[in-house]
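Data first, discussion second: the structure below is written as structure tokens.
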Amino acid sequence: MRRFNLRSLSFGERNEAERRLFCDVEPFLLGGVEYELADAGVDIELRASRVGGRLTLHGVGVAVVKGPCQRCLGEASLDVPVACVEYVTDGESVARDDEPYVQGYVLDLEHWLRDAVAEALPPQIVCRPQCRGLCPVCGADLNEVGDGHGH
Ligand SMILES: [Zn+2]
Ligand SMILES: [Zn+2]
């Protein structure tokens, strides 16, 4: 799913609701290279609390981002924690953006999560923190050729 109707939430006595949702998320383009999410989406725990006509939405999950390591071009897979909050009044986002996440009680889940994942991405996507990358002269994988490599 990419959109979620907030009217379908059933609030308990404490005016809180919880739903587990799977949201499809399109691949990200970073520096012209495609990074996709494992399972092409993210599993999210949506929690809503209600006070009168106001809703506070919390989305929590972990996106697994897959694509080439930006140092050695090998396969990188990265767990990106997602935690986003949105405030809603009478079925509309409180923040008056051009493209609000919530309009007419419909949450644009994909847009919301996509922005949250993009914000949570590290500055560089690497296969492991200690990846040594490629030799700038010959392009050899310095993880494989070892310390003695030089020109
Ligand atoms: Zn690497
Ligand atoms: Zn070299």
Side-chain angles (χ1 to χ4, degrees), residues 1-6 8-9 16-50 54-89 91-151:
M1 74 158 60
R2 290 167 197 267
R3 289 169 177 273
F4 178 73
N5 193 330
L6 297 172
S8 72
L9 289 169
E16 286 178 11
E18 250 180 50
R19 282 289 277 278
R20 215 173 170 89
L21 304 168
F22 181 82
C23 177
D24 301 291
V25 179
E26 295 287 315
F28 289 81
L29 265 184
L30 304 172
V33 180
E34 212 169 79
Y35 288 84
E36 54 181 21
L37 299 193
D39 304 321
V42 53
D43 230 339
I44 187 109
E45 174 104 4
L46 178 70
R47 287 197 303 268
S49 45
R50 183 173 67 178
R54 281 176 298 156
L55 282 179
T56 304
L57 305 176
H58 288 270
V60 179
V62 177
V64 181
V65 177
K66 288 173 179 288
C69 168
Q70 290 174 344
R71 287 187 203 151
C72 75
L73 306 179
E75 179 73 16
S77 174
L78 202 70
D79 287 358
V80 179
V82 175
C84 40
V85 182
E86 183 69 359
Y87 301 99
V88 181
T89 300
E92 307 287 326
S93 284
V94 171
R96 303 311 310 171
D97 292 331
D98 291 344
E99 292 179 73
Y101 297 131
V102 180
Q103 276 182 298
Y105 288 95
V106 175
L107 168 63
D108 188 344
L109 199 56
E110 202 236 350
H111 185 195
W112 195 39
L113 294 179
R114 196 179 171 71
D115 286 353
V117 171
E119 235 168 70
L121 283 175
Q124 195 178 39
I125 295 176
V126 291
C127 58
R128 53 189 188 280
Q130 60 276 45
C131 172
R132 302 165 74 171
L134 302 178
C135 169
V137 177
C138 71
D141 188 339
L142 297 178
N143 299 303
E144 283 171 15
V145 294
D147 288 332
H149 183 78
H151 293 272

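Given the structure is predicted, the values throughout are model-derived calculations rather than measurements. All values below were derived from every heavy atom in this structure, side-chain atoms included, with hydrogens, water molecules and symmetry-related copies excluded. When a ligand or atom number is given, it counts from 1 through the structure's own listing order.
Rounded to 10°, the angle formed at the Zn ion (ligand 1) by C131 SG and C127 SG is 110°. Taking the Zn ion (ligand 1) as the corner point, the angle from C72 atom SG to C69 atom SG is about 110° (rounded to 10 degrees). In this structure, SG of C138 and SG of C135 enclose an angle of 110° at the Zn ion (ligand 2), rounded to 10°.
The neighbour count for F22 CZ, taken as heavy atoms of other residues, nucleotides or ligands under 6.0 Å away, is above 12. Heavy atoms of other residues, nucleotides or ligands lying less than 6.0 angstrom from CD of E119 number 12 at most.
Cation-pi contact between R114 and F28: present, with separation from the ring centre below 6.0 Å and deviation from the ring axis of at most 45°.
Within H151, the N/O/S atom positioned nearest the Zn ion (ligand 2) carries the name NE2.
Between H111 and Y101, the ring planes are perpendicular. Angles over 60° get that label, and only those under 30° would be called parallel.
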